[in-house]
Undergrad: 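I'd like to ask you about the structure that follows.
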Amino acid sequence: MTERRETLTLTDNRTGTSYELPIDDGAIRATDLRQIQAADDDPGLLSYDPAFLNTASCRSAVTFIDGERGILRYRGYPIEELAERKTFLEVAYLLLYGELPDEAQLADWTFQITHHTFIHENIKQFIDGFHHDAHPMGILVGTVGALSTFYPDAKRIFDEESRRLQITRLIAKMPTLAGFAYRHAVGLFYAYPDNDLSYPGNFLNMMWKATELKYRPNPVLERALDALFILHADHEQNCSTSAMRAVGSAHADPYSALAAATAALYGPLHGGANEQVLRMLRKIGSKDSIPEYIEQVKAGKFLLMGFGHRVYKNYDPRAKLIKEVAEQVFEVTGRQPLLDIALELERIALEDEYFVSRKLYPNVDFYSGIIYLAMGFPVDMFPVLFAIGRTPGWLAQWEEGLLDPEQKITRPRQIYTGKPERHLEPAE
Ligand code: ACO
């Protein structure tokens with residue numbers, strides 16, 4: 001029997017030379033490939049991995065996903081337990097500090113978040129400058145980035161106290177920016193934060209408060225929104241988190257990095273998909289039209305929005321939980337007719353060879369939009385709701401990257417495919 005070694009032996013058939021590369025945690029280091037040279041002036045072998053299909057960009061202790069088995073855990077805790085038994089602020093603390101807060105820590109954390117919800121009055125002026133039909137996600141990208149100019153102390157990214165303060169400010173202010181962006185779109189006065197309310201309750205207050213002296217959120221909807229925020233709170237190295245880490249790796253302040261992450265989330269292949277799902281369901285219009293729509297998807301005319309995932313090749317566990325939340329919400333709001341179209345669409349797709357063979361299942365965005373719609377949110381607010389939930393995850397990943405001694409400025413390599421050296425014509 002040969003001795004088991006945690007190494008990989010590679011033979012370069014160009015030269016006949018063999019190399020033994022160490023394997024750590026199931027990975028080889030791409031930089032170890034650089035020693036593999038075909039000639040003395042060869043810069044060394046590169047690994048080519050467009051869209052990072054099989055490249056780990058970091059070590060992370062925040063979130064674990066097993067896509068084959070449909071498992072999602074934050075700091076080791078299954079998402080199902082957290083969504084059922086914890087609040088969003090407790091989960092945010094867990095993501096950021098690594099452990100759930102005890103009673104005193106939670107009281108202090110809640111106090112800190114509650115007392116940083118106000119935004120500088122000047123921010124209202126530039127929200128006012130946006131068109132009445134500006135997409136609220138565009139407003140959010142702009143205003144969250146602009147916050148960096150209000151907090152120049154945020155540049156002190158290696159000062160732990162400053163980082164803590166910016167993290168608190170960002171988690172506290174995202175719902176305020178989101179609420180103000182919505183109120184601008186509908187031409188309503190800005191509703192200010194109410195310190196008596198919970199995190200989700202206060203957000204509902206900033207969305208819906210009208211003439212009443214005190215807004216009182218419906219407790220079922222308040223809890224449902226909290227659970228939805230939990231389900232969106234982190235998802236390891238997805239597109240927006242990678243944007244957050246990449247911009248953070250250049251030592252930009254967290255407001256600027258979070259604006260970049262929000263911009264990435266805006267894309268319809270990522271967090272913008274929840275908005276597109278709703279538009280798609282409305283376009284389909286009735287259950288009878290589903291088979292024809294599916295045929296068009298299979299013909300490559302468009303994607304089935306809310307289906308498919310880079311890492312989940314089984315059911316997305318968040319989609320399963322969201323269906324449960326939907327039932328609770330519909331008991332208050334009444335059943336959304338679009339849900340029936342969505343359920344039928346899912347049933348037909350999951351029996352179809354095209355989707356089965358490609359392991360395409362509903363993702364988090366498939367059902368979340370229907371709940372948001374039932375709760376009264378306009379469709380273009382859906383990705384904004386996602387961004388509020390994802391903020392603690394972005395910040396936990398940003399801080400982890402910043403403090404990781406192995407990390408440097410993000411700077412991938414390329415394979416040049418352009419013209420070889422050439423020269424301008426001699427001057428006349
Ligand atoms: N509808 C139809 N076909 C699809 C879909 C879909 N939603 N998703 C993937 N496919 C097909 C692809 O065309 C491809 O087919 P092929 O092998 O014949 O070429 C195959 O399934 C594999 O898909 P990829 O695009 O290689 O998968 P990738 O991991 O790159 O993309 C993504 C994942 C972006 C999520 C993709 O599934 C998609 O565009 N889904 C729709 C948008 C969406 O719902 N995004 C939200 C994702 S969750 C989130 O970000 C929060």
Side-chain angles (χ1 to χ4, degrees), residues 49-57 63 65-68 70 72 74 79 83 137 228-244 260-281 283-284 290-323 342 345-372 379 381-394 397:
D49 188 10
F52 305 112
L53 290 170
N54 196 39
T55 295
S57 63
T63 287
I65 299 177
D66 181 333
E68 291 299 328
L72 170 60
Y74 298 158
I79 188 69
M137 199 64 171
L228 287 166
F229 286 156
I230 293 173
L231 296 179
H232 287 90
D234 195 49
H235 214 230
E236 52 118 302
Q237 308 312 315
N238 55 83
C239 178
S240 54
T241 302
S242 298
M244 180 91 199
T262 310
L265 191 76
Y266 194 178
L269 296 188
H270 190 19
N274 54 15
E275 181 180 351
Q276 299 309 324
V277 170
L278 238 291
R279 298 194 193 285
M280 176 185 77
L281 293 175
K283 194 167 136 197
I284 295 174
I290 294 173
E292 191 194 326
Y293 195 85
I294 295 260
E295 284 314 309
Q296 289 180 296
V297 169
K298 284 158 63 177
K301 288 201 178 145
F302 27 73
L303 293 166
L304 192 58
M305 298 312 287
F307 261 68
H309 201 276
R310 173 62 59 78
V311 289
Y312 289 123
K313 300 302 172 194
N314 192 323
Y315 215 86
D316 180 338
R318 301 168 301 173
K320 212 183 261 176
L321 292 163
I322 281 180
K323 264 169 117 173
L345 188 59
E346 179 186 350
R347 190 190 65 76
I348 294 180
L350 295 185
E351 285 175 0
D352 192 298
E353 164 60 20
Y354 177 95
F355 297 92
V356 174
S357 62
R358 290 171 176 78
K359 298 189 173 175
L360 300 172
Y361 292 88
N363 57 49
V364 67
D365 291 320
F366 192 66
Y367 286 106
S368 60
I370 302 174
I371 308 181
Y372 296 146
V379 174
M381 278 299 281
F382 297 179
V384 173
L385 290 157
F386 194 151
I388 296 173
R390 183 55 57 88
T391 296
W394 283 333
Q397 300 270 355

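First listed ligand is number 1; within each ligand, the first listed atom is number 1. Numbering of residues begins at 1 and proceeds along the displayed sequence.
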Undergrad: For ligand 1, which is the ligand I care about here, please tell me if His270 has any N or O atom under 3.5 Å from one of the ligand's N or O atoms.
TA: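 His270 vs ligand 1: N/O contact under 3.5 Å present.
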Undergrad: Assess whether side-chain contact (heavy atoms from CB on, under 4.5 Å) is satisfied between Leu53 and Arg310, documenting all intermediate values.
TA: CA-CA 8 Å; Leu53 290 170; Arg310 173 62 59 78; 3.2 Å; yes
Undergrad: For atom 32 (C) of ligand 1, is the nearest protein heavy atom under 4.0 Å away?
TA: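 For atom 32 (C) of ligand 1 the answer is no, since every protein heavy atom stays at 4.0 Å or beyond.
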Undergrad: If you count the atoms of ligand 1 from 1 in the order shown, which ones are under 4.0 Å from a heavy atom of Gly306?
TA: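 By the 4.0 Å cutoff, the relevant atoms are 43 (C), 44 (O).
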Undergrad: Enumerate the atoms of ligand 1 whose separation from the nearest heavy atom of Arg310 is less than 4.0 angstrom.
TA: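 In order of number, 28 (P), 29 (O), 30 (O), 33 (C).
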Undergrad: Considering the heavy atoms of Phe386, write down every atom of ligand 1 situated less than 4.0 Å from one of them.
TA: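 By the 4.0 Å cutoff, the relevant atoms are 51 (C).
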Undergrad: Just need the protein heavy atom nearest to atom 42 (C) of ligand 1, so name the residue and atom and give the distance.
TA: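 Answer, as residue, atom name and distance: Met305 CE, 3.6 Å.
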Undergrad: Note the single closest protein heavy atom to atom 47 (C) of ligand 1, along with its residue, its atom name and the distance in Å.
TA: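 Here the closest protein heavy atom is Asn363 ND2, 3.5 Å.
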Undergrad: Under a 4.0 angstrom heavy-atom cut-off, which atoms of ligand 1 come close to Ala273?
TA: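 Going through ligand 1 atom by atom, the ones under 4.0 Å from Ala273 are 43 (C), 44 (O), 45 (N), 46 (C).
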Undergrad: Distance under 4.0 Å to a non-hydrogen atom of Asp365: what atoms of ligand 1 satisfy this?
TA: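 Those of ligand 1 that fall under 4.0 Å from Asp365 are 46 (C), 48 (S), 49 (C), 51 (C).
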Undergrad: Hey, is atom 3 (N) of ligand 1 touched by any protein heavy atom at less than 4.0 Å?
TA: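 For atom 3 (N) of ligand 1 the answer is yes, since some protein heavy atom falls inside 4.0 Å.
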Undergrad: For His235 together with Tyr312, are the ring centres under 6.0 Å from each other?
TA: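 Ring centres of His235 and Tyr312 closer than 6.0 Å.
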Undergrad: If you take the nearest heavy atom of each of His309, Arg390, Arg318, Arg358, which one is closest to atom 16 (P) of ligand 1?
TA: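 Considering heavy atoms of His309, Arg390, Arg318, Arg358, the nearest to atom 16 (P) of ligand 1 sits in Arg358.
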Undergrad: So which of Gly267, Pro268, Gly308 gets nearest to atom 35 (C) of ligand 1, if we judge by its closest heavy atom?
TA: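 The nearest heavy atom belongs to Gly308.
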Undergrad: Determine, step by step, whether Val277 and Tyr367 satisfy the side-chain contact (heavy atoms from CB on, under 4.5 Å) criterion, reporting the C-alpha distance in whole Å, the side-chain angles of both residues, the deciding distance to 0.1 Å, and the verdict.
TA: CA-CA 8 Å; Val277 170; Tyr367 286 106; over 6 Å; no
Undergrad: Mind telling me whether Phe307 and Phe355 have parallel, tilted or perpendicular rings, with 30° and 60° as the class edges?
TA: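 Taking Phe307 first and then Phe355, their aromatic rings stand perpendicular (interplane angle over 60°).
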Undergrad: Which is it for Val277 and ligand 1 at heavy atoms under 4.0 Å: side chain, backbone, both or neither?
TA: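 The answer is neither; Val277 stays 4.0 Å or more away.
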Undergrad: Return the option from Ile294, Leu304, Leu269 holding the heavy atom at the smallest distance from atom 7 (N) of ligand 1.
TA: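 It is Leu304 that holds the nearest heavy atom.
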Undergrad: Pick one of side chain, backbone, both or neither for how Phe366 approaches ligand 1, counting any non-hydrogen atom pair under 4.0 Å.
TA: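 The answer is neither; Phe366 stays 4.0 Å or more away.
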Undergrad: Can you tell me which portion of Val297 lies within the under-4.0 Å heavy-atom range of ligand 1? Options are side chain, backbone, both, or neither.
TA: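 It is the side chain that touches ligand 1; the backbone stays farther off.
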Undergrad: Indicate yes or no: does an N/O atom of Phe307 lie under 3.5 Å from an N/O atom of ligand 1?
TA: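 Yes, at least one N or O pair falls under 3.5 Å.
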Undergrad: Assess the pair Tyr293 and Phe302: is the distance between their ring centroids shorter than 6.0 Å?
TA: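 Yes - the distance between ring centres of Tyr293 and Phe302 falls below the 6.0 Å cut-off.
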